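For this chain, numbers begin at 1 and follow the sequence in order. Remember, it's a predicted structure, so these values are computed and weren't measured experimentally. In what follows, every heavy atom counts, from backbone to side chain, and hydrogens, waters and symmetry copies are set aside.
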Amino acid sequence: MIELLGILLVVQGAGGLLNRLLEAGSPSWFLQLHLLPPSLHVAASVVMVLAGAGVLVAGRRHRGRG
């Protein structure tokens, strides 16, 4: 179940980052683009990708022990 959280964070972060870098006119369904001011969009997207990757790695390590 924790892997799902990691996947969601990576998808939201990467999608929002691409949305901003490609200068799309609409925030689409990316959460950070709706909740945060435009000056924080790229930074929040990068943090979400890194956090999601961290959750995925941690979940994989935890599963390997069990």
Side-chain angles (χ1 to χ4, degrees):
M1 188 68 170
I2 192 76
E3 289 87 4
L4 180 60
L5 174 63
I7 291 169
L8 290 174
L9 282 169
V10 169
V11 169
Q12 282 285 308
L17 183 61
L18 285 173
N19 186 292
R20 290 298 105 186
L21 293 178
L22 297 174
E23 299 177 358
S26 168
S28 190
W29 53 275
F30 303 110
L31 190 62
Q32 69 276 28
L33 304 184
H34 287 281
L35 298 178
L36 299 173
S39 61
L40 295 177
H41 288 172
V42 172
S45 295
V46 170
V47 168
M48 289 174 78
V49 168
L50 294 175
V55 168
L56 288 171
V57 169
R60 207 162 229 216
R61 285 186 183 162
H62 180 70
R63 187 185 301 176
R65 292 183 199 171

Legend entry - Nonpolar side-chain network containing Val42, other nodes, edges under 4.5 Å: Leu17, Leu21, Val46, Leu50
Legend entry - Remaining members of the apolar cluster that contains Leu9, side-chain heavy atoms under 4.5 Å: Ile2, Leu5, Met48, Val55
Legend entry - side-chain contact (heavy atoms from CB on, under 4.5 Å) against Ala14, all qualifying residues, sequence neighbours excluded: Val49
Inset, instruction - Go through the structure and list residues passing side-chain contact (heavy atoms from CB on, under 4.5 Å) with Val57, not counting sequence neighbours. - result: Arg61
Inset, instruction - Mind checking side chain to side chain donor-acceptor pair (under 3.5 Å) for Gln12 and listing every partner two or more places apart, or none if nothing turns up? - result: none
Inset, instruction - Output the distance between atom CE (Met1) and atom CD (Glu3), rounded to the nearest 0.5 Å. - result: 10.0 Å
Legend entry - Qualifying side chain to side chain donor-acceptor pair (under 3.5 Å) pairs with a residue from residues 48-59, counting only residues at least two apart or across chains: none
Legend entry - Selection residues 25-50 - residue pairs positive for side chain to side chain donor-acceptor pair (under 3.5 Å), sequence neighbours left out: Gln32-Ser45
Inset, instruction - Could you state whether Val11 and Leu56 fall into the same hydrophobic cluster, counting links through intermediate Ile, Leu, Val, Met, Phe, Trp or Tyr residues with side-chain heavy atoms under 4.5 angstrom apart? - result: yes
